[in-house]
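Heads up, the thing below is written out as structure tokens.
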Amino acid sequence: MGRVALLAGALVQVWSGIWIWENQSIWLGLLGHVAGAVLWGWGAIILQPAPSREGGWFAGVVALVVPGAGWVCSGLAIALLRRKPSREKGRTLLVWRDRNLRHDFELGGRLSGRSSIAEILRGPDPVSRRSAILAVKELEVKLALPLLRKGLQDSDEQVRIYAQNILSGLLESFEGRIKELERRSKKSPVEVATMVSLAEQYFELVYLDVAGDEETSDHLLAKAVGMLDDAAKRAPRDGHIALLRLRYALRRRDVAGAEAALKKAEALKIDSQMVLPWQMELAFQKKNWGELRRLFEVFVDRGFVNPRIEALARFWGVDEAL
């Protein structure tokens with residue numbers, strides 16, 4: 001019916017144009033043009049999918065207002081309105097080859113994806129938990145590790161196996177990157193970027209709590225600090241190295257080293273918004289509560305944005321501007 005209406009509208013429009021051309025009778029021609037446009041518009045509305053049908057009148061209006069050339073614009077309008085809306089991409093995970101175990105996880109945002117997986121892992125259905133633990137592979141390492149640790153404690157053996165396999169794969173990738181960087185660091189001369197990347201990998205193992213026991217963590221931290229010190233000698237004006245040195249010293253609870261790194265960062269005139277959180281951590285480790293409160297006041301007065309520090313500032317009663 002829609003196509004018939006479109007054809008009839010087009011024929012009436014052609015007839016009205018011919019009538020005006022041959023008989024010079026504009027009123028009857030315009031009447032035919034209006035009738036043709038109404039038929040065309042009605043057909044255009046009928047042809048639209050139900051969700052976009054309310055916008056189908058647009059094609060008829062274009063054909064009515066712009067005689068002749070309006071058909072072209074109207075045809076384009078019909079084509080655009082009939083396009084299927086793009087579907088959001090999801091991820092379909094198959095556990096073995098059992099289609100009954102398929103689940104879709106909407107991972108449009110990493111944090112929302114992590115939240116959804118965590119809820120499923122707390123649920124009672126072991127089949128859903130198996131698929132959820134497999135979806136952890138799509139997340140960043142720092143988001144994946146807490147979920148994998150939870151999976152290792154799951155009551156279902158298959159969930160525990162999946163979690164262990166994924167965790168082993170993550171650790172192997174870490175070890176592979178470290179070995180490659182260590183190989184490159186043995187070349188002479190060593191690039192500063194290689195030294196910094198290797199120090200960051202050592203620290204990442206400690207930060208993610210996958211280094212093993214405390215003794216291994218201390219050893220890796222010492223290697224990371226030593227690597228940064230060597231890099232700082234080659235690039236004394238590099239602010240990124242100074243900030244990493246400050247952060248790693250705080251992690252080791254090396255107050256003297258942190259103070260020296262802080263002086264270096266201040267001398268390099270690094271953005272105070274980047275340095276301030278580590279100043280707060282240093283004041284906390286020194287138990288200098290007056291200095292810590294002063295730093296919270298600086299944070300609030302300068303209008304810096306950091307949700308975690310804002311919560312701490314409220315705890316300390318420094319929240320007038322928050």
Side-chain angles (χ1 to χ4, degrees), residues 140-143 145 170-292 294-296 298-299 302 304-306 308-309 312:
E140 292 180 357
V141 176
K142 63 182 179 180
L143 298 178
L145 280 176
L170 292 177
L171 295 180
E172 287 177 4
S173 65
F174 262 112
E175 293 174 358
R177 288 195 296 269
I178 288 175
K179 287 180 180 178
E180 173 61 20
L181 289 170
E182 287 177 338
R183 184 186 63 79
R184 288 162 54 185
S185 68
K186 293 177 181 178
K187 295 181 178 180
S188 183
V190 185
E191 294 182 355
V192 172
T194 299
M195 301 170 74
V196 173
S197 296
L198 185 54
E200 288 177 319
Q201 289 297 309
Y202 287 146
F203 180 80
E204 196 74 6
L205 285 173
V206 177
Y207 176 74
L208 296 174
D209 196 22
V210 293
D213 53 29
E214 187 174 345
E215 184 177 350
T216 304
S217 296
D218 291 340
H219 174 68
L220 290 173
L221 272 176
K223 292 180 69 173
V225 169
M227 195 68 66
L228 283 180
D229 288 341
D230 291 341
K233 293 176 183 178
R234 297 169 182 258
R237 304 296 301 172
D238 192 314
H240 178 60
I241 295 176
L243 279 178
L244 289 178
R245 184 65 177 83
L246 173 58
R247 182 185 179 190
Y248 294 1
L250 289 170
R251 178 69 187 219
R252 298 181 74 191
R253 298 195 175 278
D254 177 10
V255 173
E259 288 177 334
L262 177 59
K263 289 180 181 178
K264 179 68 177 294
E266 291 174 340
L268 292 175
K269 293 182 169 44
I270 299 174
D271 186 357
S272 59
Q273 188 170 2
M274 299 177 66
V275 178
L276 189 60
W278 307 118
Q279 286 182 279
M280 293 177 175
E281 176 65 23
L282 178 58
F284 179 81
Q285 290 191 14
K286 294 171 66 177
K287 298 183 179 180
N288 188 342
W289 312 128
E291 175 66 6
L292 183 58
R294 185 191 71 80
L295 292 172
F296 278 129
V298 170
F299 172 85
R302 295 185 182 179
F304 293 153
V305 177
N306 186 312
R308 295 181 66 182
I309 296 180
L312 292 171

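Both backbone and side-chain heavy atoms feed into the values below; hydrogens, waters and symmetry mates do not. Given the structure is predicted, the values throughout are model-derived calculations rather than measurements. For the single chain, residues carry numbers from 1 onward in sequence order.
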Problem set entry | Close side-chain approach of W278 to L262, heavy-atom, < 4.5 Å | no

Problem set entry | Closest approach of A258 to L250 (non-hydrogen atoms, all atoms of both residues) | CB-CD2, 3.8 Å

Problem set entry | Side-chain heavy atoms of R294 within contact of V298, under 4.5 Å | yes

Exercise. Can you tell me how far CD of Q201 sits from CE of M227, rounded to the nearest 0.5 angstrom?
Worked result: 11.5 Å

Problem set entry | F203 and V225, any side-chain heavy atoms less than 4.5 Å apart | no

For this session: With side-chain contact (heavy atoms from CB on, under 4.5 Å) as the test, would you mind laying out the steps for L312 and R308 before giving the verdict?
Result: CA-CA 6 Å; L312 292 171; R308 295 181 66 182; 5.7 Å; no

Seminar exercise, completed: Nearest heavy-atom approach of G257 to A249 is C-CB, 3.9 Å

For this session: Taking the side chain as every heavy atom from C-beta outward, state whether M195 and R234 have any atom pair closer than 4.5 Å.
Result: yes

Exercise. If you round to the nearest 0.5 Å, how far is CD of E259 from CG of L246?
Worked result: 10.5 Å

Exercise. Under 4.5 Å between any side-chain heavy atoms of I241 and V192, yes or no?
Worked result: yes

Problem set entry | Main-chain N/O of P236 paired to K264 side chain as donor or acceptor, under 3.5 Å | yes

For this session: Measure the shortest side-chain to side-chain distance between E200 and Y248 over non-hydrogen atoms and say whether it is less than 4.5 angstrom.
Result: yes

Exercise. More than 12 foreign heavy atoms under 6.0 Å from CD of E182: is that the case here?
Worked result: yes

Exercise. Closest approach of L295 and A283, non-hydrogen atoms and distance?
Worked result: CD1-CB, 4.3 Å

For this session: Would you check if there is a donor-acceptor pair between the side chains of R184 and S197 at a distance under 3.5 Å?
Result: no

Problem set entry | CG on L243 to CD1 on I270, rounded to 0.5 Å | 4.0 Å

For this session: Determine whether L205 and I178 make a side-chain contact, defined as any pair of heavy atoms from C-beta on separated by less than 4.5 Å.
Result: yes

For this session: Looking only at non-hydrogen atoms, find the nearest pair between N306 and F299 and report the distance.
Result: N-CZ, 3.8 Å

Seminar exercise, completed: Rounding to 0.5 Å, atoms CD (E180) and OG1 (T194) come to a distance of 9.0 Å

Exercise. Judged by atom type as modelled, is there a donor-acceptor pair below 3.5 Å linking the side chain of Q273 to the main-chain atoms of F304?
Worked result: no

For this session: Look up atom OG1 in T216 and atom CD in E214, then write down how far apart they are to the nearest 0.5 Å.
Result: 10.0 Å

Problem set entry | Approximate separation, where rounding is to 0.5 Å, of L198 CG and K179 NZ | 13.5 Å

